Each structure stands twice: as C-alpha cells, then as structure tokens.
Amino acid sequence: MTIRFTMDKITRDGDPVLRQVAASVPFPLSKEHAQLAEDMMTYLVISQDETQNEKYGLRPGVGLAAPQVGESLQMAAVLIPSLDPHEHDEEPYFKGTIFNPVIISESVKRAALDVGEGCLSVDEDVPGFVPRANRITVRYQNEQGETKTIKLRDYPAIVFQHEIDHLHGHLYYDHIDMKSPWEVDDDTKYID
Ligand SMILES: CNC(=O)c1cccc(C)c1Nc1nc(N2CCN(c3ccccc3Cl)CC2)nc(N2CSC[C@H]2C(=O)NC)n1
Ligand code: NI
C-alpha cells in the first residue's frame, strides 16, 4: 500500500495554513478532492494499526483535517473506533469524510478529555483541559454530496469539534486556560 501522507507531509504549527479559514469544497467532488479524502482516511487507518503505524512512523489519530496536509479546504477525515471494542474488531463508531461541516447547535454543558488533547500538527503536547461543548449537532456533506445531520456527545463530539476547529484556523491549545490548565470546572464533564 503506497501511502501519500507520512509525518513529514503533516503541516506543523507555525505554518500559516493552520490559521486560515479554509475554503468550502464544491460539489460534485473533483477527482483531486475525492483522492485527497481517500488519502487522508488512509492515514488514519494506518495510524491506528499498531504494526503499520510503527512501520510508517505515523502518530495515531482519529481525525485529520485538510489544512493539516497543506490543503486549505473545508474537509476532514474522521475514523473513531467503536466506543466499546470487544476482542474482535467491530464496526467503527464513525468512518467518513465530512465536507463543509457546520455545528448547527451545541449544549451549554461542556466536556473535556480528562488527559487533554493531542494534535498531529502540534509536536509539543500542550497540557491542560480543552473545554468544548458536550453535545453538538453537525450538518455536513458526505462524499456523494448528500447533506447529513449527526448528533454527537462526549468523545465523538470532542473529536468533531477538534477537526472542525482546524477548518477555521483554531488549534486545541487556543482553548486551554494557561493560568490554570487543569482547573476542574463544575459544569464540565471530564471524558476518559
Ligand atoms: C497529550 N495527551 C494526549 O493527547 C492523550 C493522551 C492519552 C489519552 C488521550 C485520549 C489523549 N488525548 C488524545 N488522544 C487521542 N488519541 C488516543 C489514541 N488513539 C489511538 C492510539 C493508538 C491506536 C489507535 C488509536 Cl484510535 C488515537 C487518538 N486523540 C486525541 N485527539 C484530540 S481530538 C482529535 C484527537 C486526535 O486524533 N489527535 C491526534 N487526543
Ligand atoms: Ni488536530
């Protein structure tokens, strides 16, 4: 399997493309954009396989946004494994590319990963809670151009918000309270 995106191809923090608002993706998809979506998903698939990610030196991820491979486009590949993996591999919780996503509603209640977040474009982990909405409704187009609406909560909601942030030039540490990065907040749900 030839993989297009290895770590040297991942855009790192400091590159202005990560701070731009990405351009919307026109439909029907061009061959180039369809291929880009496929190659971004291939990155995620390989990165989540312990043997393969070792072989290719890939940092594991559950999301990859186009600006992270230098393409300022409103698209992100998302591959979230099933939330309660049994011994045999199950269907993933979500596997697909989201195009032109919009968060159309979000809960007041907030959530954060209790160990903080990581990002393929940020080599130095920035410690601290990343407060996000606990529940969101996202409208996006799939590869066929169909408009989909999905409701998410907890970990999947955090992942989608992290990836959609990339499409608007935000990085996870923008949300960390640097004065007290691990301060617990009563109305925030901590996700392990
Ligand atoms: C600094 N400490 C940390 O990052 C951190 C540290 C510990 C735990 C968590 C939970 C942390 N946090 C965090 N862990 C992840 N992974 C856990 C491991 N996993 C994975 C790994 C191997 C095979 C298959 C898979 Cl699936 C891949 C995904 N992913 C994200 N993020 C933030 S939202 C987008 C998402 C992303 O894809 N980032 C590249 N955060
Ligand atoms: Ni990221």
Side-chain angles (χ1 to χ4, degrees), residues 5-7 9-22 40-98 101 103 106 110-136 138 152-176 178 181-182 188-192:
F5 299 123
T6 43
M7 285 310 290
K9 297 287 190 309
I10 301 291
T11 308
R12 295 311 203 288
D13 191 3
D15 187 315
V17 77
L18 290 171
R19 291 304 187 174
Q20 285 166 10
V21 175
M40 287 164 58
M41 183 57 74
T42 298
Y43 177 97
L44 295 179
V45 171
I46 304 280
S47 83
Q48 295 185 12
D49 177 305
E50 301 291 2
T51 313
Q52 299 249 26
N53 67 31
E54 187 83 29
K55 177 177 167 194
Y56 292 100
L58 306 186
R59 267 185 70 183
V62 290
L64 184 65
Q68 297 184 273
V69 291
E71 299 286 344
S72 193
L73 290 164
Q74 289 277 337
M75 58 191 276
V78 179
L79 176 56
I80 301 172
S82 76
L83 300 179
D84 56 351
H86 304 292
E87 51 287 347
H88 55 280
D89 54 344
E90 270 187 14
E91 283 284 294
Y93 176 85
F94 185 93
K95 178 177 186 178
T97 304
I98 57 172
I103 295 176
E106 62 177 55
R110 304 212 287 187
L113 290 184
D114 63 359
V115 290
E117 296 189 10
C119 181
L120 301 174
S121 296
V122 181
D123 292 330
E124 279 290 300
D125 286 341
V126 181
F129 293 129
V130 181
R132 297 185 186 278
N134 177 220
R135 294 188 306 282
I136 57 173
V138 180
L152 302 156
R153 65 171 54 195
D154 302 338
Y155 182 66
I158 287 171
V159 172
F160 270 66
Q161 289 173 85
H162 178 115
E163 301 313 326
I164 293 169
D165 261 359
H166 274 302
L167 307 181
H168 298 97
H170 303 304
L171 295 174
Y172 72 91
Y173 61 74
D174 298 346
H175 304 287
I176 296 174
M178 293 306 185
W182 297 112
T188 302
K189 179 178 181 181
Y190 296 94
I191 315 278
D192 65 357

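Read the numbers this way: they start at 1 and go in the same order the structure lists the ligands and their atoms. Since we're looking at a predicted model, the values are computed, not measured.
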Query - For atom 38 (N) of ligand 1, the option (of Ser121, Gly61, Gly118) bearing the nearest heavy atom - result: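 Heavy atom nearest to atom 38 (N) of ligand 1 belongs to Gly118.
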Against heavy atoms of [X], which atoms of ligand 1 measure under 4.0 Å?
X      : answer
Gly116 : 11 (C), 12 (N)
Glu50  : 22 (C), 23 (C)
His162 : 32 (C), 33 (S), 34 (C)
Pro81  : 26 (Cl)
Glu163 : 34 (C)
Val115 : 2 (N), 5 (C), 6 (C), 7 (C), 8 (C), 9 (C), 10 (C), 11 (C)
Gly63  : 37 (O)

Requested in this report: For atom 29 (N) of ligand 1, grab the closest protein heavy atom and report residue, atom and distance to one decimal in Å.
Outcome: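 Minimum-distance protein heavy atom for atom 29 (N) of ligand 1 reads Tyr155 OH, 4.2 Å.
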Query raised in the report: What protein heavy atom sits nearest atom 20 (C) of ligand 1, and how far off is it?
Result: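 In this structure, atom 20 (C) of ligand 1 has Pro60 CB, 3.8 Å as its nearest protein heavy atom.
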Requested in this report: Show the numbers, then the answer: is there a side chain to side chain contact (heavy atoms under 4.5 Å, CB included) between Val17 and Glu71?
Outcome: CA-CA 8 Å; Val17 77; Glu71 299 286 344; over 6 Å; no
Under 4.0 Å from ligand 1, counting heavy atoms only, is it the side chain of [X], its backbone, both or neither?
X      : result
Leu113 : side chain
Val62  : both
Glu117 : both

Query raised in the report: Do protein heavy atoms approach atom 26 (Cl) of ligand 1 to less than 4.0 Å?
Result: yes
Query raised in the report: Would you say atom 32 (C) of ligand 1 has a protein heavy atom nearer than 4.0 Å?
Result: yes
**Report entry** Stepwise side chain to side chain contact (heavy atoms under 4.5 Å, CB included) check, Leu18 with Gln68
**Finding:** CA-CA 7 Å; Leu18 290 171; Gln68 297 184 273; 4.1 Å; yes
Examine distances only and state if a side-chain atom of [X] and a backbone atom of [Y] form a donor-acceptor pair shorter than 3.5 Å.
X      : Y      : result
Thr188 : Arg110 : no
Asp15  : Arg12  : no
Ser47  : Leu58  : no
Asp125 : Pro127 : no
Arg59  : Cys119 : yes

Report task. Look up atom CD1 in Ile80 and atom OH in Tyr93, then write down how far apart they are to the nearest 0.5 Å. Result -> 7.0 Å
Report task. Given side chain to side chain contact (heavy atoms under 4.5 Å, CB included), test Phe160 with Arg132 step by step and report yes or no. Result -> CA-CA 10 Å; Phe160 270 66; Arg132 297 185 186 278; over 6 Å; no
Report task. Report the angle formed at the Ni ion (ligand 2) by atom NE2 of His166 and atom NE2 of His162, rounding to the nearest 10°. Result ->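 With the Ni ion (ligand 2) as the vertex, the angle is close to 100°.
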Requested in this report: Enumerate the residue pairs fulfilling side-chain hydrogen bond (donor to acceptor under 3.5 Å, both in side chains) with a member in residues 154-164, sequence neighbours excluded, ordered by first and then second residue.
Outcome: Glu117-His162, Asn134-Asp154, Asp154-Lys189, His162-His166
